[in-house]
Amino acid sequence: MRVTLRIKRFNPERDEKQHWEEHEVDVEPNDQLLDALNKVKWYDDGSLTYRRSCAHGVCGSDAMVVNGRNRLACKVLMKDLGKKVTVEPIRGLPVIKDMVVDMEPFFARYRAVKPYLINDNEPPADRERLQSIEDRERFDDTTKCILCACCTTSCPSFWANGEYVGPAAIVQAHRFIFDSRDMAVHERLEIMNDTMGVWRCRTVFNCVECCPREIDITRAIGEVKKAILNGGVGG
Amino acid sequence: MASAVASIWQGITYRGKDGHYAWMLHRAGGLGIVLFLFLHILDIFLVGVGEEIFEFFLFIYHSAPAKVFVMALLFGVFFHAFNGVRIILVDFWPEKFSNLKMQRTLFRIVVVMTLLFFIPTAIITVAPIFGVDLALSQLVGG
């Protein structure tokens with residue numbers, strides 16, 4: 001099938017602002033959008049720039065706005081997109097070139113929630129820190145995040161204020177707040193309780209709709225809000 | 001200001017689903033309520049300034065464009081109220097209501113409830129434009 005890709009382009013060495021360009025390519029219905037972009041880059045216009053790595057929805061490199069909604073280019077098939085497909089960089093982050101955005105503000109928010117296990121107690125000498133199945137289940141959903149930024153850059157609160165910590169960072173915080181082995185619950189809840197923290201979530205659900213790992217992000221955010229109100233995760 | 005305009009444009013052009021449109025309508029309704037509150041404070045203030053100017057304000061309120069504005073405002077008020085209940089449920093009971101399936105059900109309930117309240121009040125509001133007086137006092141024979 002022949003499709004038209006309408007791509008938002010920006011080359012900082014040549015362009016003053018973003019503009020649309022159209023490319024026609026032949027694709028198979030089961031091709032990924034990433035395949036179609038590769039065809040444009042390899043056979044039509046080598047200057048087209050985008051991130052990609054694993055091409056199987058694991059690395060989270062190729063997040064972009066596809067037909068108006070955040071998607072991973074490697075997780076969406078051409079047969080589901082129609083004959084005319086619009087492709088734009090994700091929103092709310094500075095565009096470097098074409099689909100490539102500066103991810104540093106996003107990762108700064110990620111680092112802010114201390115996304116690592118904090119436990120100063122001596123670990124058992126002969127084994128790892130054990131955890132019950134129920135305790136592990138408590139945060140299973142939020143371990144699936146691949147940091148693609150689809151959620152954060154689909155969030156109106158993030159578009160309005162880039163200082164907002166964003167859904168992805170809250171998901172990461174949730175992953176450790178509800179981990180029974182972690183000892184920094186209150187430290188993280190304090191970060192989440194900031195004016196740029198969890199309260200800026202307006203339960204729009206854009207993050208849940210576009211998450212390529214189908215994480216129940218709004219629920220995780222709601223659980224963090226409740227943990228703040230309850231002064232901890234007990235119960 | 002520029003970032004506010006940019007984020008409004010992003011909100012309009014992003015193709016979200018029901019939650020996205022619920023958020024936009026909630027915001028628009030909220031702004032409409034604030035605008036009406038401002039107008040209401042202004043017209044009450046004008047009573048003290050002079051009868052003529054207050055009468056002029058009432059004349060504007062009874063004009064056809066104002067009634068259309070009031071109709072839109074009614075939609076905003078009802079949607080804002082019912083969607084507010086949905087947000088409270090999602091916020092306070094995330095384990096029950098913060099999933100996509102429940103979110104869609106709640107959104108549909110919000111739309112149905114809004115229309116149930118909006119349609120009769122909208123008819124009563126705009127009927128005078130077409131020369132029909134459907135004021136409640138008339139309906140109950142008062």
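Every chain is numbered from 1 and lettered A, B, ... according to where its sequence line falls, protein lines coming before strand lines. Note that these values count all heavy atoms, side chains included, but never hydrogens, waters or copies made by symmetry.
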Q: Counting the benzene-type ring for Trp, do B:Phe117 and B:Phe78 have ring centres under 6.0 Å apart?
A: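 Ring centres of B:Phe78 and B:Phe117 closer than 6.0 Å.
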Q: Pick from A:Thr203, A:Asn206, A:Asn67, A:Val208: which one has the most heavy-atom pairs with chain B under 4.5 Å?
A: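 Highest number of pairs under 4.5 Å: A:Asn206.
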Q: What distance do B:Asp18 atom CG and B:Leu25 atom CG have between them, rounded to the nearest 0.5 Å?
A: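 So the gap between those two atoms works out to 11.5 Å.
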Q: Heavy-atom distances under 4.5 Å only: say whether A:Cys210 touches chain B with side chain, backbone, both or neither.
A: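 A:Cys210 touches chain B through side-chain heavy atoms alone.
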Q: Kindly check if the number of other-residue, nucleotide or ligand heavy atoms within 6.0 Å of CG (B:Leu58) is above 12?
A: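 Correct, the count exceeds 12.
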Q: Counting heavy-atom pairs under 4.5 Å with chain B, which one of A:Leu229, A:Val65, A:Asn70 comes out on top?
A: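 If we count pairs closer than 4.5 Å to chain B, A:Asn70 comes out on top.
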Q: Under a 4.5 Å heavy-atom cutoff, which of B:Tyr21, B:Tyr14, B:Trp23, B:Phe92 has the most pairs with chain A?
A: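 Most pairs with chain A among the choices: B:Tyr14.
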Q: Check for me whether the distance between the ring centres of B:Tyr61 and B:Phe57 falls short of 6.0 Å.
A: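 Judged by ring-centre distance (under 6.0 Å), B:Tyr61 and B:Phe57 do meet the cut-off.
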Q: Count the heavy-atom pairs under 4.5 Å between each of A:Ala220, A:Pro156, A:Gly222, A:Gly92 and chain B, then report the option with the highest count.
A: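 With the most close heavy-atom pairs to chain B, the winner is A:Pro156.
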Q: Which answer fits A:Asn161, side chain, backbone, both or neither, if we ask what part of it has an atom under 4.5 Å from a heavy atom of chain B?
A: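 A:Asn161 has no heavy atom closer than 4.5 Å to chain B.
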Q: Is the A:Tyr164-A:Phe158 ring centre distance short of 6.0 angstrom?
A: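 Not under 6.0 Å, so no.
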